[in-house]
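Throughout, a chain's letter reflects where its sequence line sits, starting with A, and its residues are numbered from 1.
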Amino acid sequence: MSDTTTDAGAPMQEGAKAREVRGYADVSGPTESKMVEQIGSQVARLKARLADVGAVVVIASGKGGVGKSAVTANLAVALVARGARVGAVDADLNGPSLGRMLGLLGSRLEDRPDGIVPARGPSGVLGISTELLIEEGAPLKWKGPDSDKFVWQGVTEAVTLREFMSDVVWGELDYLLIDIPPGTDKIGRFLDLVSEPDQVLLVTIPSEVASSVVSRSATQLKEAGVACMGVVGNMSGYAQPGGGDLLPLFTGPDISDVAESAGLELWAEIPFDPAFGTLTDQGAPPGSDGDSAAARAFAALAERVEQGPGGRESQR
Amino acid sequence: MKFLCIPCDEVMKFADRDLPGDGTITALFTCGACGRDMAMLANPMETQLVSSLGIEIGGRTVPEQPFQQTRSKLESPKDDAFVEATAGDASIDAAVNPAEAPAARLSVTWSDEANDRLTNVPKFVRGMVKRIYTDYAQEKGIPLITPDVMDRARTDLGLEGM
Ligand SMILES: Nc1ncnc2c1ncn2[C@@H]1O[C@H](COP(=O)(O)OP(=O)(O)OP(=O)(O)O)[C@@H](O)[C@H]1O
Ligand SMILES: [Mg+2]
Ligand SMILES: [Zn+2]
């Protein structure tokens with residue numbers, strides 16, 4: 001494609017001013033390739049679908065393995081327990097785990113002309129994940145020419161993420177939670193699609209490294225104009241079986257200090273609780289159910305989200 | 001992207017698109033003033049980039065299907081990931097096209113041979129492919145889908161590998 005436009009677009013050489021070619025904007029008449037219109041209608045479709053969503057809540061970190069997916073799953077369940085209608089998008093196309101955590105595996109998706117009906121987990125959370133689309137154990141791979149993969153692969157994945165939001169029959173939702181994969185670039189990619197999420201939860205653990213990554217993500221999000229962000233401190237101590245004080249897990253900084261130095265509010269502190277983690281990984285996240293410290297933390301987090309921008313108890 | 005016929009100073013009109021089947025695309029443009037034709041040839045990478053975006057050069061013939069890009073591009077898809085919606089569900093018809101009464105749309109039937117051929121399409125994309133052909137037939141006012149109509153649609157819509 002580029003080859004055909006170089007002649008017209010190339011800067012004219014001194015002395016070789018044989019013909020004058022006008023620029024794109026100077027030439028009136030429709031764009032016959034119709035590319036812009038098509039992108040425009042895709043964006044419109046996404047907007048229309050999200051118009052029925054009360055709040056888009058992004059769960060991110062920048063850092064891997066800190067519990068983003070576990071937080072997403074348990075928050076979703078805790079919100080449903082409060083009577084909210086909740087959908088969840090597993091934006092981690094390459095390393096999906098949210099579908100499993102929400103108990104969606106094995107669900108078949110109804111294919112309707114107006115969209116794909118999302119899977120519904122035992123807790124009532126609706127969700128979509130690449131895990132529901134590819135064969136068990138198969139890595140995510142795309143059909144296409146092997147050479148120059150870097151040119152088109154990112155685009156393909158961005159389009160899938162868009163389809164996960166715009167082509168799913170979410171219906172009316174109070175919350176659409178988005179589980180963002182690790183990597184600070186991934187947060188930016190999501191913001192290219194949905195520039196103004198209502199709330200962003202930055203998940204971190206009390207380690208030096210994780211905290212510095214989260215600070216960087218926070219800066220990036222602020223620069224992108226995201227207004228409402230909160231820190232979720234995960235694994236903030238070990239919850240002993242049978243209760244009692246939390247035992248420290250990491251020797252890193254206090255989560256509250258991390259939040260403060262990033263200029264953010266601390267929305268929740270979730271202890272490391274092996275039983276809670278196991279249930280989550282088995283597709284039965286307890287959310288706010290039970291009297292564990294983790295359950296109490298998710299109850300409080302759900303309440304905080306409900307009171308945040310776009311939430312059902314928002315003060316605005 | 002616009003193509004300008006320099007001698008006439010006219011924007012050329014999109015005329016046709018062709019997919020030879022080797023992962024490349026050819027788009028033809030014509031100058032309305034002098035009748036000159038021009039072909040834009042894209043290599044496989046360029047073609048993939050455009051198709052990755054869910055875009056058809058020259059404009060869409062039939063609307064994009066849900067998950068169309070994801071479904072067309074995924075390797076090792078789960079064969080039974082999708083169940084087809086029950087046909088004739090009024091709530092679905094209303095949701096899809098509230099303005100257009102179902103009766104206003106041309107009813108399209110499938111010949112046995114066409115149906116046979118459809119069963120060779122992987123289940124993962126079958127529902128989508130079926131709707132693409134149906135939309136095409138409706139668009140062209142063709143009441144009966146035969147293998148021949150399917151061939152024509154494939155060429156017209158650039159449905160490689162479907
Ligand atoms: N507070 C917790 N208590 C016990 N186990 C937890 C807790 N938080 C997370 N886990 C467990 O730790 C593991 C990693 O968590 P999770 O997959 O949610 O992290 P992630 O940030 O989404 O990872 P990735 O970056 O790979 O997407 C999971 O098995 C999860 O159940
Ligand atoms: Mg994860
Ligand atoms: Zn001309």
Problem set entry | Residue, of I116(A), I39(A), T156(A), that accumulates the most heavy atom pairs under 4.5 Å with chain B | I116(A)
Problem set entry | Note: D179(A)-K68(A) ion pair, threshold 4.0 Å (strictly below) | no
Seminar exercise, completed: One option among K143(A), K34(A), K149(A) has the most heavy-atom pairs under 4.5 Å with chain B, and it is K143(A)
For this session: With a 4.5 angstrom heavy-atom cut-off, could you sort out which part of L132(A) is near chain B: side chain, backbone, both or neither?
Result: backbone
Seminar exercise, completed: Answer key: most heavy-atom pairs under 4.5 Å with chain B among E136(A), Q153(A), R45(A), R162(A) is R45(A)
Exercise. Would you find more than 12 non-hydrogen atoms of other residues, nucleotides or ligands less than 6.0 Å from E196(A) atom CD?
Worked result: no
Exercise. Can you tell which of E75(B), E64(B), Q69(B) has the highest number of heavy-atom pairs within less than 4.5 Å of chain A?
Worked result: E75(B)
For this session: Check the pair D135(B) / R131(B) against salt bridge (charged side-chain N to carboxylate O under 4.0 Å, His left out), numbers first and verdict last.
Result: CA-CA 6 Å; D135(B) 286 351; R131(B) 275 201 306 268; over 6 Å; no
Problem set entry | Option that, when pairs with chain B are counted at under 4.5 Å, heavy atom only, ranks first among G115(A), S41(A), A138(A) | G115(A)
Exercise. Is it the side chain or the backbone of L140(A) that comes within 4.5 Å of chain B heavy atoms, both, or neither?
Worked result: side chain
Problem set entry | Side chain, backbone, both or neither of E157(A) within contact of chain B (heavy atoms, under 4.5 Å) | neither
Exercise. With respect to chain A, which residue among K73(B), Q65(B), K13(B) yields the maximal number of heavy-atom pairs within a distance under 4.5 Å?
Worked result: K73(B)
Exercise. Backbone N or O of R312(A) within a donor-acceptor pair of the Y175(A) side chain at under 3.5 Å?
Worked result: yes
Exercise. Is R71(B) salt-bridged to E163(A), going by a charged N under 4.0 Å from an acidic O?
Worked result: no
Seminar exercise, completed: Under 4.5 Å to a heavy atom of chain A? For D9(B) that would be both
Exercise. Relative to each other, are the rings of F124(B) and F82(B) parallel, tilted or perpendicular (30° and 60° limits)?
Worked result: tilted
For this session: Below 4.5 Å from any heavy atom of chain B, which atoms of I128(A) appear? Answer side chain, backbone, both or neither.
Result: side chain
For this session: Return the orientation label for the F29(B) and F14(B) ring planes: parallel under 30°, perpendicular over 60°, tilted otherwise.
Result: perpendicular
For this session: Considering only NZ, NE, NH1 and NH2 on the basic side and carboxylate oxygens on the acidic side, decide whether K130(B) and D111(A) come within less than 4.0 Å.
Result: no
